[in-house]
Amino acid sequence: MRLEAKELASLIETLRRDGYEVVGPTVRDGAIVYDAIEGLEDLPRGWTDEHAPGRYRLLRRPDNALFGYVVGPQSWKRFLLPPRVRLFSVRRNGDQPEIIADASAEPPPKYAFLGARACELAALAVQDRVLLGGPYADPIYRNRRQDVFVIAVQCTQAAPTCFCSSMGTGPKLSGGYDIALTEVVEGAESWFVAHAGTEAGAARLAALGAPEASPQDVARAEEAARRAESMITRRLNTAGLRERLAENFEHPQWDDVARRCLACANCTLVCPTCFCVTVEDTSDVTGSHAERWRLWDSCFTQSFSYIHGGPVRASIKARYRQWLTHKLSSWHDQFGTSGCVGCGRCITWCPAAIEITTEAEAVCGFPPSSLRSEQA
Amino acid sequence: MLPQASRVIAVERETRDTFTFTVAAPGGGSGFAPGQFSMLSVFGVGEAPISISGDPGEPDRLVYTVRSVGPVTQALVTRRPGEWIGVRGPFGASWPLAALRGKDILIVAGGIGLAPLRPAVYYVLRRRGDYGRLVLLYGARSPQDMLYRKQLSAWSYLPDTQILTTVDYGGLSWRGHVGVVTTLFRYARFDAQRTAALVCGPEVMMRFVLRELETRGMALSDVYVSMERNMKCAVGFCGHCQLGPHFVCKDGPVFPAARVKRLMERYEL
């Protein structure tokens, strides 16, 4: 099906009318940020992003493309695994505490995600395994996840930080969406080739009454998708990576990276699969009301591994090693998949320009697959 | 996931910083297995993982031995009978005692590590005929830091039971052993070929105990250890308790020693 901008607008409108909170890309604070949108005017029309290790800039495009950027700092994780969420409150009832589950207070929003990339859908699948796939399911994630309607957007360009093709997650969309869009820029404006991934998606597309895409339209869209593939220059050699990382617990590269790593935790906060959380209790001054909140946490903090006597991972070396080894090696043992989807966010947002691809290959003794990037 | 409010029934002082307290099991109690732990809350302060140290034959009450080492444990040990705490659990893998029937049971504990092993002692004593000898080796910092002293003394008079204790610093009035817990092995009487060992204590102590057990001819496959890591959720979501590929909260805290021995030798894993 071929959609013009006005049909995309009406897709957003009908979703909103049906009670969805439509979340999509917006421009805020000099970045592409996923946030609630009301229509096309909220999208980053005519903006693109420039990525390099430790560098991110928004730039104007010569055209009015709506999805002409790669990825922003935050993924969809923040909507399904909120950075800060109240687990319960406790009220003193006589002398007995009364525990009030927070889930009962209000139903979670029903989200429609507009603009999810292939790597991000892979990240959603990884988080599904982590948070829903075991003997326990996280009720907060489950309630927010179950009704999500996904409108994916095919990447038509890639950044020097992208390495999804090495992780087998992209750039071509391959499922996990209700509707997939490929944006084709023609002159200053753009149109979309859309196809459905689910019956719900098909029903919504049919309701738009747009014309079928012609074979030429489809060919234009495929060409745009191939452009993204051809722009990917970063590689990660994954053959034997998991085993070598597990074996090379002691390796001089860990000391080397520890001298550069600031343990700032940026990489874990922008990572679309990092799921670690902590809890924090608060109370009012009278002690008659207390709450427990769940917050994102990071294995880069000392307190993360604290047991009485001190942190288990006192050195930055140990903390970087835990993060990288977990992501690319022990994640397989725990969840049967890699924890990395190749989105490149940890590379872009590292203030020390550390590249996970380079570090992992060095620890494994692999020759570097990508040329070391020009560092901005 | 939500804690249940539970009333403290009794509090008993063990040492200068360690208390054993008993709470009514929420909802009458669903039972627990020796070696499991609970997440205990003082609302408004926080939550901490605490081993269950009571008798699995008394499921209507939950007994915990807590050493005050931080804000949550300090708030826990200052609860008084009649006050309420929050309880989640029990969680985690237990000492596989049912599978060890017919064997001698060797328990090696260091410091507060005796707490998660006490339910194993109760379990064996309630089924005394099912097991061979019961040998308990216990090391503490000083005589004043020893847990359950009266109980240890009472158990030492039981048939086929050997209780050996040692301390790092004895003081003038101490007549017992001085030295690390492995120095007790020369006095311990057990048949390595038909013994299973349950070990809990500081990691450095457990590493030396594993070495000692192997020297004594025990197979690592007959040895179990209980590990400690930071925990926030106890169900494998918070990521804090990772030990290489394992989540200590749900894959442990009790592990077959063969599964974690190499990991225990990795500094800052």
Side-chain angles (χ1 to χ4, degrees), chain A residues 87-90 92 95-101 103 130-131 134-136 138-141 246 249-250 274-284 287 289-292 294 297-299 303-309 311-315 317-319 321-322 325-326 329-334, chain B residues 1-7 17 26 39 41-49 67-73 75 82-86 88 91 111-112 202-203 227-251 262-263 265-269:
Chain A
L87 295 177
F88 61 84
S89 355
V90 186
R92 202 186 285 267
D95 76 329
Q96 182 174 357
E98 184 190 355
I99 298 160
I100 306 143
V130 172
L131 297 166
Y136 301 94
D138 175 27
I140 296 169
Y141 183 86
F249 182 77
E250 290 301 340
C274 272
F275 58 87
C276 288
V277 289
T278 187
V279 289
E280 197 173 87
D281 276 30
T282 60
S283 70
D284 66 1
H289 181 88
E291 296 183 348
R292 181 164 298 157
R294 190 175 81 179
D297 202 1
S298 171
C299 54
S303 58
F304 186 86
S305 63
Y306 183 87
I307 52 178
H308 72 90
V312 172
R313 296 182 204 102
S315 70
K317 169 187 171 180
R319 285 177 261 154
R321 179 173 57 199
Q322 164 63 22
T325 310
H326 183 218
S329 179
S330 50
W331 207 293
H332 286 279
D333 301 307
Q334 294 167 351
Chain B
M1 300 283 277
L2 283 183
Q4 290 179 284
S6 310
R7 194 189 276 275
D17 60 1
M39 296 298 286
S41 293
V42 177
F43 298 119
V45 180
E47 191 176 51
R67 185 150 75 96
S68 168
V69 290
V72 178
T73 48
E83 294 186 322
W84 297 79
I85 62 166
R88 293 195 295 134
F91 297 111
I112 190 93
E203 251 175 84
M227 302 294 295
E228 181 186 11
R229 280 295 180 272
N230 187 306
M231 285 180 199
K232 299 295 180 192
C233 76
V235 288
F237 293 145
C238 78
H240 283 252
C241 71
Q242 287 178 75
L243 178 74
H246 308 300
F247 288 97
V248 172
C249 68
K250 61 176 181 150
D251 302 329
R262 266 193 69 206
L263 302 174
E265 288 159 359
R266 292 184 156 184
Y267 179 64
E268 285 198 299
L269 174 66

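Just so it is clear: chains get the letters A, B, ... in the order the sequence lines come, proteins before strands, and each one is counted from 1.
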Checklist entry - Judged by atom type as modelled, is there a donor-acceptor pair below 3.5 Å linking the side chain of B/His246 to the main-chain atoms of B/Cys241? => result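 No.
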[X] portion near chain B, given a 4.5 angstrom heavy-atom threshold:
X: A/Thr278; value: both
X: A/Arg292; value: side chain
X: A/Gln322; value: side chain
X: A/Asp297; value: side chain

Measure [X] against the heavy atoms of chain A and call it side chain, backbone, both or neither at under 4.5 Å.
X: B/Val235; result: both
X: B/Tyr267; result: backbone
X: B/Pro3; result: both
X: B/Gln242; result: both
X: B/Gln4; result: backbone
X: B/Val72; result: neither

Item to check | Of A/Ser298, A/Pro311, A/Cys276, the residue whose pairing with A/Phe304 passes side chain to side chain contact (heavy atoms under 4.5 Å, CB included) | outcome: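 One option only clears the test, and that one is A/Cys276.
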Item to check | Heavy-atom side-chain contact between A/Arg294 and A/Ile140 under 4.5 Å | outcome: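 A/Arg294 reaches A/Ile140 side chain to side chain.
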Item to check | Geometric class of the A/Phe275/A/Trp331 ring pair [parallel <30°, tilted 30-60°, perpendicular >60°] | outcome: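 Ring orientation of A/Trp331 relative to A/Phe275: perpendicular.
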Checklist entry - Given A/Glu280 and B/Lys232, is the salt bridge (charged side-chain N to carboxylate O under 4.0 Å, His left out) satisfied, shown in steps? => result CA-CA 10 Å; A/Glu280 197 173 87; B/Lys232 299 295 180 192; over 6 Å; no
